[in-house]
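Worksheet for the structure shown next.
What you are looking at is a predicted structure, and each value in this text was computed from that prediction instead of being measured. Each chain gets a letter, A, B and so on, in the order the sequences are listed, and its residues count up from 1.
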Protein chains: 2
Amino acid sequence: MSKSTIDDVAALAGVARTTVSRVLNNQPNVRAEVRDKVLRAVEQLGFRVNPQARQLAGKKALRFVLVHASDFDSEPNSYFSSALELGATRAAARLGAQLITHVVNQNDPHAARQILAQAADDQCNGVILTPPFADDPALLRALAAQDCRVVGIAAGPESQALVETIGIDEERAGHDMAAHLLAQGHRAFGFIKGPAQHRSAEGRYDGFLAALAEAGIPASAVQAERGNFTFRSGLDCAQRLLGPDRTITALVCANDDMAAGALLAAHKAALRIPQDIAITGFDDTPVSEIVWPPLTTIHQPLRKMGERAVERLAQLAGGSPPDPAAPPLHEIVPHHLVPRDSSGMALQ
Amino acid sequence: MSKSTIDDVAALAGVARTTVSRVLNNQPNVRAEVRDKVLRAVEQLGFRVNPQARQLAGKKALRFVLVHASDFDSEPNSYFSSALELGATRAAARLGAQLITHVVNQNDPHAARQILAQAADDQCNGVILTPPFADDPALLRALAAQDCRVVGIAAGPESQALVETIGIDEERAGHDMAAHLLAQGHRAFGFIKGPAQHRSAEGRYDGFLAALAEAGIPASAVQAERGNFTFRSGLDCAQRLLGPDRTITALVCANDDMAAGALLAAHKAALRIPQDIAITGFDDTPVSEIVWPPLTTIHQPLRKMGERAVERLAQLAGGSPPDPAAPPLHEIVPHHLVPRDSSGMALQ
DNA sequence: CATGAAATTGGAAGCGCTTCCAATTGTTCC
DNA sequence: GGAACAATTGGAAGCGCTTCCAATTTCATG
């Protein structure tokens with residue numbers, strides 16, 4: 001169980017460590033024959049580069065901060081934050097970077113100031129901000145002023161103009177969900193939105209409406225409610241939409257938790273799902289598979305987003321100074337529709 | 001935003017790096033006056049040790065493997081695995097260790113062989129096994145035979161006798177849940193167990209029965225069903241227990257997902273929760289707060305368990321050879337009862 | 001074949017830190 | 001005061017790897 005080092009590879013391949021390093025890092029000026037010899041030695045020894053050593057030697061000690069939002073002063077008990085951080089820490093480990101996580105109470109009036117102080121304290125190369133912090137332009141500007149790079153997660157258009165951001169194409173996702181339901185014959189829709197300040201999620205509704213408009217269904221025909229991403233708000237909104245005078249045959253919820261609440265409301269109203277009412281969510285968190293029937297939803301790759309955020313910061317830290325004239329990049333990660341039984345059947 | 005190094009601290013404190021290192025690592029033979037001077041310099045500079053450099057210099061390059069179980073060949077979409085891994089990666093990062101994760105299909109007859117091959121391939125110092133792999137004695141013995149240290153997560157008594165393990169006190173947890181319900185006046189119970197091969201979770205039922213026995217309620221009076229930890233199995237079992245001839249006032253489920261299914265069954269049967277039937281879960285996953293009413297449950301600190309697993313492996317890798325006569329250590333991490341509205345009121 | 005240029009390879013320093021062995025300082029005893 | 005011992009501190013090597021600059025080899029041209 002002893003670990004091979006670059007010196008072992010060099011000895012076996014009969015070259016210097018410099019050459020091994022060149023091969024492993026895809027640098028030029030290595031003959032193909034030497035490259036093959038090195039790669040064979042790597043394979044034979046089962047060599048794995050030590051990322052810590054690589055990072056240290058490369059003079060690129062990197063340290064990033066991930067800021068979680070919470071309603072309390074303790075860590076959020078949520079899949080969103082766990083998955084995002086898991087992706088981020090995996091990427092950091094791979095790159096030999098340090099990732100420091102902080103939890104900030106989103107209801108604290110001093111939240112922004114706290115984030116600024118922590119970023120300075122931590123002497124970090126960059127900060128990953130989650131909603132709602134990613135949608136706070138003043139905070140984004142203040143971080144830039146203290147020379148701190150930022151990647152915003154699921155941030156709205158205003159933030160996209162200020163800092164690097166990552167998210168799914170929310171409008172396209174909403175459009176895809178509507179298209180799925182339209183293809184099943186639905187023409188009468190309800191929609192439970194998320195919080196108004198969640199700018200990116202508003203795009204879900206916009207895309208949904210755009211797809212309906214293409215099918216000749218005006219926005220005024222949609223029965224919309226506003227929830228706050230919780231099961232309870234989904235239950236309450238759905239009870240209003242699924243009352244005795246119900247006209248809708250499909251209810252789209254802006255996240256899975258609210259959709260789970262809407263499922264309960266439908267069960268309580270003795271409605272068959274999806275025959276009487278199809279119900280769909282967003283995000284593909286574990287909840288979407290836990291409930292009955294399992295939810296049709298849009299998969300948002302949270303882990304991937306965490307990874308990309310770290311990788312983006314690493315690029316920013318390692319590259320040339322940013323071109324001030326170039327706008328920040330909004331990176332779109334792919335979403336996909338996950339059809340499940342909550343919308344599994346075409347309308348009769 | 002420049003990072004301080006140990007040399008900066010040494011210069012400011014007027015000592016050698018060796019002395020700074022001694023202070024930071026709590027080594028003896030440093031006068032208190034010198035120690036204070038160093039710590040002040042650390043504070044003033046906001047110095048943070050670089051764990052990569054520490055690990056590399058300390059000649060303790062560590063690499064661990066975490067094996068997730070899945071029903072597919074892709075990564076499980078579950079809070080259990082995410083939280084465990086998050087704890088493990090955080091601890092690994094802090095210790096400057098590498099953590100490699102693998103996903104193994106638990107239904108694959110070659111699963112054990114796959115794990116063995118991967119551990120050897122990865123040249124790792126140790127393996128963290130999750131259920132059901134942690135409950136496979138043959139696998140545990142085979143890993144030991146290839147000189148691979150193991151920490152099992154939530155493993156049953158048989159595994160506890162073979163390898164290092166970590167879990168909550170399942171019996172005490174089951175006992176605490178029963179005591180909570182007994183204190184609210186409940187005397188007629190149902191219980192939805194987990195899968196029979198999940199040895200550790202059987203302890204939940206044992207502890208539950210022990211508490212009832214103390215209150216003079218025999219095991220034969222409990223209506224028990226067996227689920228498989230899924231929402232659907234919870235729904236099905238609960239429908240049998242909550243039928244028109246229902247006699248129970250409290251239903252304890254061996255995990256939160258089944259409890260969420262039981263909640264739906266209760267809602268469908270038009271039962272008030274908790275007035276007509278109290279329903280409780282186990283594990284305190286995000287689901288427990290997402291449903292309505294929120295679930296009383298037992299908090300199992302998954303992240304902590306992941307952390308401790310890595311720390312335990314690091315200790316095993318760094319210490320003296322294990323005493324063959326000493327039994328492996330079963331580490332108990334604290335659980336606690338989380339009372340919520342699903343059992344929030346005393347019986348009328 | 002000789003020369004110059006380009007391509008390829010290697011020696012060695014050093015990233016931030018730990019640790020081994022040497023050097024220095026302090027304490028105790030006669 | 002001197003010797004012996006203990007406590008404290010520091011110099012320097014080196015962890016696994018990258019990278020800068022030097023050395024060597026290869027290629028092209030006259």
Within the structure shown, what part of the strands sits under 4.0 Å from [X] by heavy-atom distance: base, sugar-phosphate, or nothing?
| X | result |
| --- | --- |
| A:T19 | sugar-phosphate |
| A:V20 | nothing |
| B:D7 | nothing |
| A:R35 | nothing |
| B:T5 | sugar-phosphate |
| B:E33 | nothing |

Closest-nucleotide ordering on DNA chain C, the 5'-leading residue of A:N29 and A:A53: A:N29
Proximity to the side chain of [X] - top-ranked nucleotide from [options]:
| X | options | result |
| --- | --- | --- |
| B:L56 | D:dT9, D:dC20, C:dG16 | C:dG16 |
| B:A57 | C:dT18, C:dT9, D:dT18 | C:dT18 |
| A:R54 | D:dT18, D:dG16, D:dT9 | D:dT18 |
| A:V34 | C:dA12, C:dT9, D:dT9 | C:dT9 |
| A:T18 | C:dT9, C:dC20, C:dG11 | C:dG11 |
| A:V15 | D:dA12, C:dG10, D:dT8 | C:dG10 |

What's the [atom1]-[atom2] distance between [X] and [N], to the nearest Å?
| X | N | atom1 | atom2 | answer |
| --- | --- | --- | --- | --- |
| A:L95 | C:dC15 | CG | P | 22 Å |
| B:I6 | D:dA12 | CD1 | P | 17 Å |
| B:R22 | C:dT19 | CZ | P | 10 Å |
| B:L24 | C:dT18 | CG | P | 7 Å |
| B:R31 | C:dT25 | CZ | P | 11 Å |
| A:Q52 | D:dT18 | CD | P | 13 Å |

All N/O donor-acceptor pairs, side-chain side in residues 43-50 of chain B, below 3.5 Å, sequence neighbours left out:
residue	atom	partner	partner atom	Å
B:R48	NH2	A:D122	OD1	2.7
B:N50	OD1	B:Q52	N	3.0
B:N50	OD1	B:A53	N	3.3

Heavy-atom closest pair, residues B:G152 and B:A134: CA-CB, 4.0 Å
Within-4.5 Å side-chain heavy-atom neighbours: [X] and [Y]:
| X | Y | result |
| --- | --- | --- |
| A:E164 | A:L316 | yes |
| B:L143 | B:L129 | yes |
| A:V67 | A:Q118 | no |

Any A:Q27 side-chain N or O less than 4.0 Å from OP1/OP2 of D:dT18: no
Phosphate OP1/OP2 of D:dT18 contacted by A:N25 side-chain N/O (<4.0 Å): yes
All salt bridge (charged side-chain N to carboxylate O under 4.0 Å, His left out) counterparts of B:D36, not counting sequence neighbours: none
Heavy-atom donor-acceptor pair, B:R48 side-chain to C:dG16 base, under 3.5 Å: no
